[in-house]
Amino acid sequence: MSKLRIAVQKSGRLNEDSMKILKDIGISIDNGKDQLKASARNFPVEVFYLRNGDIPQYLKDGVVDVAIIGENVLIEKGKDIRIAEKLGFSTCRVCIAVPKSMGYNGIKDLEGKRIATSYPNTVQDYLDKNGVKSNLHIINGSVEIAPNIGLADAICDIVSSGSTLFKNNLKEVETILKSEAVLAVSPVLTEEKEAILSKIQFRIKSVLKGRQSKYILLNAPNDKLQDIINVLPGMKSPTVLPLAEDGWSSVHSVINKNEFWDVIDELKNNGAQGILVCPIEKMVL
Ligand code: PRP
């Protein structure tokens, strides 16, 4: 039986979360940080540890079948490659930044300026769309230093927390795109491998849904039960079980983790007690 070859970033910001999601979907891999590839023990999968920038080409050539990669890299180097799932981690944005001291009124201010970047295609597209002509200087790594050493007037790079821009006295002036880790698919995939991929996608969806949700348990006075149920959406409807004490019920439900604090206030106002909120590992709908 053939194995699905999954590329992950060898080192860098995506590596840890990529390995975590593989583990969470039940694919156990011996720690392979110093290896080029490793086989999963319990699933027809091989993991290839590759340099981020090389992955789009490997996907195009079918050297690997799928990859966990930043959408930003895909947009820069592999625009036509299909995205099977957005994975919700490693969020960042590709931005243009200029020195804090530079006055900036809009993209036209970049006309004739030198922009240092590791994202030449992305930034060139953006400049073309805005009818601006600048000179691009392609640099791999430490792009933010370029204005400080007189190499460029502006930069285009990924920004996550913004601390690298801050440390280099730069300010963000244009957001070109927003990005997160995605599961990308080679255009040349056999039917047999598509079948493995669809199993993986099913598992990923369950894990991501679980990460988005919390399991909530609480005790409710029976005369307030309906009000409490009304603020709990649940997967279908909340589970209600009688407590040993007369007049009280235990209510179980699932809520979106972002709604948690809003819902909690409403529940307390309606007389809920002993509220427990637990993480959910996987959620199969
Ligand atoms: C990226 C990018 C910036 C930094 C931005 O580098 O090139 O330097 O992260 O992140 P921040 O907004 O949280 O400071 P990364 O650390 O991924 O390594 P790289 O230099 O190899 O690209």
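When a ligand or atom number is given, it counts from 1 through the structure's own listing order.
The 12-atom threshold is not exceeded at CG of Asp80, counting heavy atoms of other residues, nucleotides or ligands nearer than 6.0 Å.
Protein heavy atoms are found less than 4.0 angstrom from atom 8 (O) of ligand 1. For atom 16 (O) of ligand 1, the nearest protein heavy atom lies under 4.0 Å away.
Thr164 OG1, 2.4 Å is the protein heavy atom nearest to atom 14 (O) of ligand 1. Looking only at protein heavy atoms, the nearest one to atom 2 (C) of ligand 1 is Asp157 OD2, 3.4 Å. Ranking protein heavy atoms by distance to atom 13 (O) of ligand 1, first place goes to Ser161 OG, 2.6 Å.
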Could you go through Glu144 and Lys167, starting from their C-alpha distance and side-chain angles, then the distance that decides it, and tell me whether this counts as salt bridge (Lys or Arg N to Asp or Glu O under 4.0 Å)? CA-CA 9 Å; Glu144 289 89 350; Lys167 276 187 245 160; over 6 Å; no
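In summary, the side chains of Asn270 and Glu266 do not present any donor paired with an acceptor at a separation below 3.5 Å, with no hydrogens or angles considered. Between the side chains of Asn15 and Gln9, no donor-acceptor pair is found at a separation under 3.5 Å. Donor-acceptor pairing under 3.5 Å is lacking for the side chains of Asn72 and Glu76.
The N/O atoms of Ser142, backbone and side chain alike, include none that comes under 3.5 Å of an N/O atom in ligand 1. At under 3.5 Å, a nitrogen or oxygen of Gly162, whether backbone or side chain, sits near a nitrogen or oxygen of ligand 1.
Checking each of Lys282, Arg203, Arg211 against Asp24 for a side chain to side chain donor-acceptor pair (under 3.5 Å) leaves exactly one that passes, namely Arg211.
Here Glu46 pairs with Lys37 in a salt bridge; the nearest charged N to carboxylate O distance falls below 4.0 Å.
Under the 4.0 angstrom criterion for non-hydrogen atoms, Gly12 is not in contact with ligand 1. Within the structure, ligand 1 lacks Val143 among the residues with a heavy atom less than 4.0 angstrom away.
Across the listed options Arg93, Glu144, Arg13, Arg13 owns the non-hydrogen atom lying nearest to atom 6 (O) of ligand 1.
Val98 and Leu165 sit in two unconnected hydrophobic clusters of ILVMFWY residues. Membership requires side-chain heavy atoms under 4.5 Å apart, directly or through other members.
Counting heavy atoms under 4.0 Å from ligand 1, residue Val159 touches it through both backbone and side chain.
Residue-ligand proximity, Ile158 to ligand 1, at heavy-atom distances under 4.0 Å covers atoms 1 (C), 2 (C), 3 (C), 5 (C).
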